[in-house]
Protein chains: 2
Amino acid sequence: MLSQINDKAIVHVVDDDASMRGALEGLFDSVGLDAHTYATARDFLAAGLADKPGCIVIDIRLPDMNGLDFQAQLIDIGVRLPVVMMTGYGDITMSVRAMKRGAIDFLPKPFHDQDMLDAVMAAIERDRQRRTVEGDISQLQQRFGTLSARELQVMQLVTAGKMNKQVANDLGISEITVKIHRGAAMRKMGAKTLADLVRMAEAVKPKG
Amino acid sequence: MLSQINDKAIVHVVDDDASMRGALEGLFDSVGLDAHTYATARDFLAAGLADKPGCIVIDIRLPDMNGLDFQAQLIDIGVRLPVVMMTGYGDITMSVRAMKRGAIDFLPKPFHDQDMLDAVMAAIERDRQRRTVEGDISQLQQRFGTLSARELQVMQLVTAGKMNKQVANDLGISEITVKIHRGAAMRKMGAKTLADLVRMAEAVKPKG
DNA sequence: GGGTGGATCACACCAAAGTATGACCCGAAC
DNA sequence: GTTCGGGTCATACTTTGGTGTGATCCACCC
């Protein structure tokens with residue numbers, strides 16, 4: 001799970017045109033990128049590699065599904081791989097829709113190899129950064145998971161700025177018990193100071 | 001400065017076509033939006049309204065400047081108004097470039113009135129949200145400005161999790177002096193608790 | 001030259017935080 | 001039924017935090 005961050009990035013190419021698949025595979029190989037190709041959206045999903053680091057290059061015209069719909073579906077099912085769209089017959093409306101949904105680039109065919117490489121490199125970099133940030137947060141969330149119900153309550157009130165006695169009052173328990181839970185929360189979270197704990201609480205909160 | 005947040009949003013329309021300017025002005029008026037129109041990029045800049053809330057609708061073809069270059073220039077000179085591009089002859093490459101630079105939408109002419117209104121409404125909302133967030137931060141930064149050099153140093157070390165005696169050691173002063181600066185910083189920043197102060201420090205830091 | 005504000009520090013005192021020891025209750029798991 | 005973890009609490013103690021009073025020094029400004 002955490003090792004994914006160090007996995008080598010994979011470039012997934014989804015295009016019904018076999019010659020294009022071959023050309024792109026050769027292009028990515030030539031710069032040392034690991035490329036997987038698929039003729040259909042279904043093939044990509046069946047491969048089960050959607051959680052690994054990398055990005056996905058999608059042609060607008062696919063046998064089983066419109067490329068834009070595929071992009072939307074990926075978002076729906078939680079696949080966060082950055083998308084590079086390409087097409088031979090697209091129009092402005094399509095490109096704008098893809099970009100609004102967060103596509104890294106939208107390349108009309110024929111494109112220059114370098115443009116595709118630039119887009120893919122940017123996509124991989126974005127994916128890497130996202131995984132780094134989310135990895136840190138999931139690590140924190142994991143630690144949060146080790147907190148007991150009481151410890152979590154106490155921690156929330158403490159990081160909100162309340163004093164031990166206020167927390168005790170709010171929870172209907174004694175101050176000494178609050179201190180115990182507070183200390184336990186600090187230990188479990190790996191926070192050496194209250195400032196650390198506050199930052200941890202802030203980092204996890206906005207996520208959801 | 002802060003009152004801008006409550007100012008009414010202005011929709012700036014930059015298009016060399018007088019009939020289009022008139023049509024858009026009528027469209028925006030019809031939904032209660034305050035519209036200003038300009039024939040050239042220069043005219044817009046001369047109006048000096050770039051800091052007020054709102055958004056800007058730009059035609060790709062302008063007399064004095066390409067619309068994409070205008071968009072890039074706005075970014076360069078720090079105008080953060082959300083951009084809606086429109087064009088009668090654009091291609092995919094243009095639309096992608098505009099979207100990569102953060103345009104809200106890119107509408108080929110002729111467009112449906114509703115599409116333009118949707119884009120402008122989304123642009124105004126984004127502008128509003130940005131101003132809200134940045135307003136909060138600038139308010140904090142203003143308070144930071146009232147801190148003396150020592151108070152700022154102490155606050156930074158304190159929010160980093162150091163104890164008063166550690167801060168005293170780091171700065172080569174006595175602990176009692178640290179307490180005084182610390183208390184002054186709390187008062188000036190309007191922080192009732194250390195947790196508040198930590199959050200303020202966090203909110204200002206990532207901005208830069 | 002007197003006023004202002006920043007920085008420094010001491011002394012004293014109280015409030016709050018943090019820790020250790022020991023204890024009890026309870027439910028779930030073995 | 002015994003063990004284990006969570007939750008509860010008390011007593012006692014030390015360390016930090018926070019405030020007030022009073023004071024000195026210095027730079028700057030009118």
Side-chain angles (χ1 to χ4, degrees), chain A residues 1 137-205, chain B residues 1 137-205:
Chain A
M1 187 168 273
I137 290 176
S138 90
Q139 193 179 346
L140 275 184
Q141 284 175 328
Q142 223 169 329
R143 290 188 203 161
F144 265 90
T146 68
L147 297 183
S148 70
R150 268 303 196 215
E151 286 161 357
L152 184 58
Q153 286 177 321
V154 169
M155 171 171 167
Q156 286 169 337
L157 293 173
V158 163
T159 55
K162 300 208 178 193
M163 291 185 303
N164 287 343
K165 64 169 55 175
Q166 291 177 300
V167 175
N169 204 332
D170 288 3
L171 297 180
I173 59 181
S174 77
E175 186 182 343
I176 191 69
T177 306
V178 171
K179 288 185 180 181
I180 292 171
H181 289 315
R182 179 175 184 155
M186 296 275 285
R187 253 185 296 106
K188 289 186 179 178
M189 294 301 295
K192 282 194 287 292
T193 67
L194 175 60
D196 289 341
L197 202 64
V198 171
R199 268 184 286 269
M200 289 178 185
E202 287 297 297
V204 175
K205 213 191 317 170
Chain B
M1 187 169 272
I137 290 175
S138 89
Q139 192 180 345
L140 274 184
Q141 284 175 327
Q142 222 169 332
R143 291 188 202 161
F144 265 90
T146 69
L147 296 183
S148 70
R150 269 302 198 218
E151 286 161 356
L152 184 58
Q153 286 178 320
V154 169
M155 170 171 168
Q156 286 169 338
L157 293 173
V158 164
T159 55
K162 302 209 176 189
M163 292 186 303
N164 288 341
K165 65 170 53 176
Q166 290 178 301
V167 175
N169 204 331
D170 287 3
L171 298 180
I173 58 181
S174 77
E175 186 183 344
I176 190 70
T177 306
V178 171
K179 288 185 180 182
I180 292 171
H181 289 316
R182 178 175 184 156
M186 296 276 285
R187 254 185 295 106
K188 289 186 180 179
M189 293 301 294
K192 281 193 286 292
T193 68
L194 175 60
D196 289 342
L197 202 63
V198 172
R199 269 184 286 269
M200 289 179 185
E202 287 298 297
V204 176
K205 213 192 316 171

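On a predicted model such as this, the values are computed, not experimentally measured, just so you know. Protein chains get the first letters and strands the later ones, always in sequence-line order, with residue 1 at the start of each.
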**Q.** Result of checking A:T177, A:L171, A:V178 against A:S174 for side-chain contact (heavy atoms from CB on, under 4.5 Å)
**A.** A:T177

Q: Looking only at non-hydrogen atoms, find the nearest pair between B:A191 and B:D196 and report the distance.
A: CB-CB, 3.8 Å

Q | Intermediate values then yes/no, side-chain contact (heavy atoms from CB on, under 4.5 Å), B:T146 and B:M189 | A | CA-CA 8 Å; B:T146 69; B:M189 293 301 294; 5.7 Å; no

Q. Roughly how far, to the nearest 0.5 Å, is CE of B:M186 from CE of B:M155?
A. 9.5 Å

(Q) Please determine whether side-chain contact (heavy atoms from CB on, under 4.5 Å) holds for the pair B:Q166 and B:N169, giving the CA-CA distance in whole Å, both sets of side-chain angles, and the decisive distance to 0.1 Å. (A) CA-CA 5 Å; B:Q166 290 178 301; B:N169 204 331; 5.5 Å; no

Can you name the atoms? Protein N/O to nucleotides 24-30 of chain C N/O, anything below 3.5 Å, with the distance.
none

Q | Rounded distance [0.5 Å steps], CD in B:E175 versus CZ in B:R182 | A | 10.0 Å

Q: Would you give a per-nucleotide map of nucleotides 7-21 of chain D, 5' to 3', where B means the base has a protein non-hydrogen atom under 4.0 Å away, S means only the sugar-phosphate does, and - means neither?
A: SSBBB----SBBBB-

Q | Inter-residue atom distance A:K165.NZ - A:D170.CG, 0.5 Å rounding | A | 13.0 Å

Q. So how far is it from B:H181 NE2 to B:N164 CG, rounded to the nearest 0.5 Å?
A. 11.5 Å

**Q.** Spacing of CZ belonging to A:R199 relative to CG belonging to A:L194, to within rounding of 0.5 Å
**A.** 9.5 Å

(Q) How many whole angstroms separate atom CG of A:L197 from atom P of C:dG18? (A) 10 Å

Q.
Can you tell me how far apart CZ (A:R150) and CD1 (A:I180) are? Round to the nearest 0.5 Å.
A. 12.5 Å

**Q.** Rounded (10°) bend between the five-pair end axes of the helix from C:dG1-D:dC30 to C:dC30-D:dG1
**A.** 30°

